Asks: 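Structure below; questions to follow.
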Amino acid sequence: MKVVVVESPSKAKTINKYLGPGYEVLASFGHIRDLPAKDGSVDPDADFKMLWEVDPQSQKRVNDIARALKGADTLILATDPDREGEAISWHVLEALNEKHALKSQKIERVVFNAITKQSVTEAMKHPRAIDGALVDAYLARRALDYLVGFTLSPVLWRKLPGARSAGRVQSVALRLVCDRELEIEKFIAREYWSIIAKLKTPRGDEFDARLTAVDGTKMQRLDIGTGTQAEDIKQALEGARFTVASVEAKPARRNPPPPFTTSTMQQEASRKLGFAPAIAMRLAQRLYEGVEIDGETTGLITYMRTDGIDMAPEAITDIRSMIGRNFGKQYVPGSPRTYQNKSKNAQEAHEAVRPTNPSRTPSEVAKYVDRDQARLYELIWNRAVASQMESAELERTTVDIVAKIGARTIDLRASGQVVKFDGFLTLYQEGQDEASEDDESKRLPAMSESEILAKQAIEAAQHFTEPPPRFSEAALVKRMEELGIGRPSTYASILQVLQDRTYVRIDKKRLIPEDKGRVVVGFLESFFQKYVEYDFTAALEEQLDRVSNNELNWKKVLQDFWIDFIGAVNDIKELRITQVLDALNELLGPHIFPARADGGDVRQCPTCGTGKLSLKVGRFGAFIGCSNYPECTYTRQMTPGSAGQQTTKVLGTDPATGLDVTLRGGRFGTYLQLGEQAKVEKRPKGSKGPKPPAPEKPKRASLPKGVQPDDVDLDKALALLSLPREVGLSPEDGEPILAGVGRFGPYVKHGKVYASLEDGDDVLTVGLNRAMHLIADKIANPKQGRRFGASAGKTLGDHPNEGGPIVVKNGRFGAYVSNNGINATLPSDKTPETITLDEAIVLLEARAAQVGNSPRGKKPAKKPAAPKAAKAKGKAKAKIEDDTPEIGDEASARPAVKTAAKPASARKKPAAKAKKPAAKAKKPARSPKVSAAE
């Protein structure tokens with residue numbers, strides 16, 4: 001008997017069928033061991049000794065494997081063919097050795113790039129030993145991420161309350177997004193003009209020509225900077241005589257792109273299909289694990305975590321044969337195409353992503369998979385087949401035209417392109433992140449030298465230069481790959497972590513940094529600049545690749561990194577928070593203190609007039625406050641508004657009071673305000689006597705969930721400011737029934753009974769009968785979901801791995817998806833109406849990994865603590881993030897390791913009996929009292 005260990009149960013079932021009797025295939029469910037979230041899991045003082053922990057669920061898997069080995073003569077480790085797969089095999093072997101489960105059994109390591117019977121049976125014929133260099137690279141990467149996360153994150157908690165975490169690669173990716181935003185903010189638009197002549201040939205064919213030179217001086221795109229210049233040239237062209245000076249036609253060839261790597265697959269899936277990287281990887285995982293076709297489960301694509309761009313010779317042969325049959329011999333090049341990877345740190349250990357059987361066309365596969373899987377398979381199939389097709393043959397035509405106006409000469413040019421033979425373009429054309437301004441794809445009419453052209457119109461158009469675009473997910477993945485930051489298998493999880501931490505948000509498919517993210521990056525750039533530099537991060541990745549090639553000792557890499565890193569951490573420890581905030585005020589000044597329209601001091605407090613605005617930190621993160629606190633309680637969100645404008649919009653005047661009704665942006669979201677905060681007169685130094693009473697705060701009201709700021713007019717604002725309102729009197733006791741908006745959303749109230757409104761109820765219009773019904777339900781079912789306005793929800797489908805329906809619901813804290821007791825909140829860019837089944841699965845598995853219920857997630861230790869080098873004072877509580885996800889069969893189940901960490905002071909057991917009541921906690925030095933509306 002031979003025991004085979006793979007990573008997922010679905011793969012185990014399939015491979016068991018392939019191998020037949022004499023083999024028992026078991027699943028490890030990904031990693032079986034992890035570093036516990038506590039001090040000393042990686043000990044730099046003990047030669048970077050690492051302590052591993054097997055959680056209870058994984059222990060059951062180890063026990064199952066150990067029992068199976070009692071009657072076996074061979075253990076075959078068949079985990080995935082990458083570094084993480086190698087590490088999982090090593091972990092399994094180490095855990096079995098610790099249990100003394102291995103006696104005289106033979107140990108073999110096999111890898112296969114596709115889950116097909118031929119690939120698996122062929123792999124079994126070529127076993128090898130575990131690759132120690134790959135394991136060393138994994139250990140180094142895991143230790144680095146642990147040390148950075150568990151050492152740097154507590155520093156963030158102490159110096160920047162509200163910050164969640166920092167990571168070795170996560171923080172650098174966040175810096176890319178923030179740097180691009182800074183470029184946009186600093187960008188100054190420049191005016192320029194373009195001039196186009198609409199001309200006609202003697203045969204009546206029209207075309208456009210662009211200006212290239214005026215009186216022998218070449219004109220670049222931005223050279224015509226004013227309307228006066230443009231009008232002068234236009235008037236000259238209006239009376240000009242146009243002649244064809246030359247016609248040049250050149251042949252050109254366009255070669256197909258290589259087959260997909262992990263990165264390019266994610267980019268194209270984002271551009272062409274709109275899939276987030278995590279969704280693309282999950283769909284690819286399903287295609288890799290395969291479906292049942294003709295009674296046999298078979299994988300549809302090769303392993304999807306790769307940066308190789310070559311294909312197996314037999315696959316190339318099959319593709320070339322299929323091209324000849326389906327497209328014609330003219331589409332088959334004379335020899336097979338080979339490709340060379342140009343990306344930094346490329347590890348071409350295995351093939352590109354391709355279909356396992358090229359003859360299995362997308363239309364055929366669509367019968368066995370869901371729509372999204374079919375679309376991704378078609379993309380992979382098209383790219384792989386196109387990569388072995390003949391080049392496209394083009395003809396690029398350039399026509400130079402001379403316009404004569406007396407002694408003046410103005411040159412113009414028209415360009416066009418004709419596809420003579422489409423080649424691979426018949427099947428595939430690579431997408432672009434940004435729209436191209438190239439107009440060469442236009443076809444030009446036939447013209448000959450010295451031909452006279454007729455003028456139809458001269459057009460002068462004003463333009464302004466635009467700032468660089470924000471990153472899309474595809475563009476960020478591409479940029480990270482170009483810089484050599486991170487590994488292809490980690491890109492999806494890094495992007496997900498940045499969104500989960502609310503460091504970035506996605507709006508119209510573009511990544512926008514949140515204020516919290518910008519503060520974290522500003523802090524790291526100010527005090528840990530080296531560790532968020534692109535070149536440093538790429539160089540460290542290169543060192544880790546050298547470790548995997550057995551060229552460098554992994555502990556030497558750790559030692560060199562740790563000496564400088566811990567020194568930087570120790571230096572920052574003594575800094576006061578005010579010093580940190582001063583540095584951030586300086587660094588983020590243009591962003592958080594934009595120029596005022598009146599040219600006044602950008603940091604002058606608009607309320608008291610004498611205080612100075614500064615960045616502050618509180619429980620909920622960074623905000624802007626006045627230096628005269630507590631006398632002046634002015635606060636606002638860190639970003640005052642788009643394009644540097646204040647987020648205060650006057651909706652009108654309240655007819656009852658004559659005060660302005662304004663819509664504002666506060667620390668906790670958008671709110672309404674009636675009137676203005678009275679200015680505080682600052683007391684002269686040395687003055688005695690009681691302090692004057694604080695001025696009364698203006699009335700404020702938060703916007704109910706689902707109400708957009710753009711939908712609020714004066715009437716709705718006045719209605720919201722008048723809440724709570726009386727709906728009517730209870731027919732039972734004559735007491736008033738009130739409707740209002742509270743910390744958990746809209747509600748109705750009778751006496752001490754509160755009942756949340758449900759979907760479809762409007763706090764401004766809900767009637768007495770409906771209110772009484774909600775209150776009666778609440779009294780009858782005080783513990784039912786209606787207590788917080790939850791609904792039965794909408795079923796999206798069944799979970800493919802865990803079973804049971806996945807339901808999207810509206811709950812107390814917003815919309816969420818639920819499956820088998822696991823709930824995951826919907827991100828800000830998703831609604832119950834737009835969330836898809838695959839997106840819900842990704843969210844649920846990421847959440848399951850946090851709470852320890854996922855086969856790929858690890859349950860955090862019950863009493864973790866920060867390392868000695870960076871213990872937090874007080875009762876700080878946050879999450880540690882690790883950039884290197886767990887890698888296995890399910891792409892979305894390679895989440896960043898997330899574990900809650902508490903300082904020792906927060907873990908002490910309570911005394912059996914308190915002798916005296918605890919003293920009230922002192923008010924924090926800077927925590928202005930603001931309503932929830934702010």
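Being a predicted model, the structure only gives us computed values, none of them experimental. We're numbering straight along the sequence, starting at 1.
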Asks: Distance check, rounded to the nearest 0.5 Å: Met281 atom CE versus Arg305 atom CZ?
Replies: 4.5 Å

Asks: So that I can tick it off, tell me whether Arg375 and Glu378 are bridged by a salt bridge, with the cut-off set at under 4.0 angstrom between side-chain N and carboxylate O.
Replies: no

Asks: Say whether, by atom type as modelled, one donor and one acceptor occur between the side chain of Asp370 and the main chain of Gln373 under 3.5 angstrom.
Replies: yes

Asks: Hey, could you give me the CZ/CG distance between Arg664 and Leu672, rounded to the nearest 0.5 Å?
Replies: 10.5 Å

Asks: Do the non-hydrogen side-chain atoms of Ile841 and Leu844 ever get within less than 4.5 Å of each other?
Replies: no

Asks: With the side chain counted from C-beta on, respond yes when Val817 and Ile822 share a heavy-atom pair under 4.5 Å apart, and no when they do not.
Replies: no

Asks: For the ring pair Tyr288 and Tyr303, is the centre-to-centre distance below 6.0 Å?
Replies: yes

Asks: Taking the side chain as every heavy atom from C-beta outward, state whether Phe536 and Tyr531 have any pair of such atoms under 4.5 Å apart.
Replies: yes

Asks: Who pairs with Ala374 by side-chain contact (heavy atoms from CB on, under 4.5 Å), at least two apart in sequence or on another chain?
Replies: Ala366, Val369

Asks: Between Thr537 and Glu533, is there a donor-acceptor pair closer than 3.5 Å when you use the side chain of the first and the backbone of the second?
Replies: yes

Asks: Without hydrogens or angle criteria, can the side chains of Gln267 and Ser263 be said to hold a donor-acceptor pair below 3.5 Å?
Replies: yes

Asks: Nearest 0.5 Å please: distance from the NZ atom of Lys272 over to the CD atom of Glu268.
Replies: 5.0 Å

Asks: If every non-hydrogen atom of Gln496 is compared with every non-hydrogen atom of Leu843, which pair is closest and at what distance?
Replies: NE2-CD2, 4.4 Å

Asks: Would you check if the side chain of Thr262 reaches a backbone N or O of Thr306 as a donor-acceptor pair within less than 3.5 Å?
Replies: yes

Asks: With rounding to the nearest 0.5 angstrom, report the CD1 to CD distance, Ile301 to Glu351.
Replies: 12.0 Å

Asks: Is any NZ, NE, NH1 or NH2 atom of the basic residue among Glu541 and Arg141 found under 4.0 Å from an Asp or Glu carboxylate oxygen of the other?
Replies: yes

Asks: Which label fits Phe528 and Phe523: parallel for a plane angle under 30°, tilted from 30 to 60°, or perpendicular past 60°?
Replies: tilted

Asks: Less than 4.5 Å apart, any side-chain heavy atom of Asp713 and any of Lys716?
Replies: yes

Asks: As a quick check of understanding, evaluate side-chain contact (heavy atoms from CB on, under 4.5 Å) for Ile512 and Ile506, giving each step before the final call.
Replies: CA-CA 6 Å; Ile512 303 174; Ile506 295 181; over 6 Å; no

Asks: Considering all heavy atoms of both residues, which atom of Tyr377 and which atom of Arg360 are nearest to each other, and what is their separation?
Replies: OH-O, 2.6 Å

Asks: Could you go through Leu300 and Val291, starting from their C-alpha distance and side-chain angles, then the distance that decides it, and tell me whether this counts as side-chain contact (heavy atoms from CB on, under 4.5 Å)?
Replies: CA-CA 8 Å; Leu300 298 175; Val291 295; 4.1 Å; yes

Asks: Considering only heavy atoms from C-beta outward, does the side chain of Asn819 approach that of Val807 to under 4.5 Å?
Replies: no

Asks: With a 4.5 Å heavy-atom cut-off, do Phe593 and Ile624 have their side chains touching?
Replies: yes

Asks: Can any side-chain N or O of Ser270 pair as donor or acceptor with the backbone N or O of Gln266 at less than 3.5 Å?
Replies: no

Asks: Tell me if a side-chain donor or acceptor on Ser526 pairs with a main-chain N or O of Gly522 at a distance below 3.5 Å.
Replies: yes

Asks: Is there a donor-acceptor contact under 3.5 Å linking the side chains of Ser818 and Asn823?
Replies: yes

Asks: Within the 4.5 Å heavy-atom criterion, are Glu514 and Val504 side-chain neighbours or not?
Replies: no

Asks: Between Lys478 and Glu481, does the salt bridge (Lys or Arg N to Asp or Glu O under 4.0 Å) criterion hold? Intermediate values first, please.
Replies: CA-CA 5 Å; Lys478 182 179 180 181; Glu481 185 179 36; over 6 Å; no

Asks: For Ala538 and Leu483, which heavy atoms make the closest approach, and how far apart are they?
Replies: CB-O, 3.0 Å

Asks: Which pair of heavy atoms, one from Pro469 and one from Arg510, lies closest together, and at what distance?
Replies: CB-NH1, 4.1 Å

Asks: Please determine whether a side-chain nitrogen of the Lys or Arg among Arg518 and Asp515 lies less than 4.0 Å from a carboxylate oxygen of the Asp or Glu.
Replies: no

Asks: Tyr339 side chain to Ser387 main-chain N or O, any donor-acceptor pair under 3.5 Å?
Replies: yes

Asks: Is the terminal nitrogen or CZ of Arg175 (NZ for Lys, CZ for Arg) located under 6.0 angstrom from the six-membered ring centre of Tyr534 and within 45° of that ring's axis?
Replies: yes

Asks: Could you walk me through whether Thr836 and Leu796 satisfy the side-chain contact (heavy atoms from CB on, under 4.5 Å) test, starting with their C-alpha distance in whole Å, then the side-chain angles of each, then the deciding distance to 0.1 Å, before giving a yes or no?
Replies: CA-CA 7 Å; Thr836 67; Leu796 299 176; over 6 Å; no

Asks: Distance under 6.0 Å and angle within 45° of the ring axis: does Arg479 meet both against Phe471?
Replies: no

Asks: Tell me if a side-chain donor or acceptor on Thr356 pairs with a main-chain N or O of Gly299 at a distance below 3.5 Å.
Replies: yes

Asks: Tell me if a side-chain donor or acceptor on Thr302 pairs with a main-chain N or O of Arg354 at a distance below 3.5 Å.
Replies: yes

Asks: Regarding Ser8 and Glu289, do their side chains bring together a donor and an acceptor under 3.5 Å, going by distance alone?
Replies: yes

Asks: Looking at Gly308, is its backbone amide N or carbonyl O close enough to the side chain of Thr261 to form a donor-acceptor pair, meaning the two atoms are under 3.5 Å apart?
Replies: no

Asks: Could you report the tightest heavy-atom contact between Ile309 and Gln340, atom names first, then the distance?
Replies: CD1-C, 3.4 Å

Asks: Side chains of Arg383 and Val353, heavy atoms from C-beta outward: is any pair under 4.5 Å?
Replies: no

Asks: Is the backbone of Gln499 close enough, under 3.5 Å, to the side chain of Arg505 for a donor and an acceptor to pair up by distance?
Replies: no

Asks: Within 45° of the axis and under 6.0 Å from the centre of the six-membered ring of Phe623, does NZ or CZ of Lys516 qualify?
Replies: no

Asks: Who passes side-chain hydrogen bond (donor to acceptor under 3.5 Å, both in side chains) against Gln388, sequence neighbours left out?
Replies: none

Asks: What's the verdict on side-chain contact (heavy atoms from CB on, under 4.5 Å) for His463 and Glu191, showing C-alpha distance, side-chain angles and the deciding distance?
Replies: CA-CA 6 Å; His463 310 275; Glu191 179 186 8; over 6 Å; no

Asks: Looking at CE of Met389 and CG of Asn255, how far apart are the two atoms once the value is rounded to the nearest 0.5 Å?
Replies: 13.5 Å

Asks: Do you know which two heavy atoms are closest between Met311 and Ala384, and how far apart they sit?
Replies: CE-O, 4.0 Å

Asks: We want to know whether Thr490 and Ser493 form a side-chain donor-acceptor pair, criterion being a heavy-atom distance below 3.5 angstrom.
Replies: no

Asks: At what distance, to the nearest 0.5 angstrom, does CG of Leu837 lie from CG of Asp372?
Replies: 9.0 Å

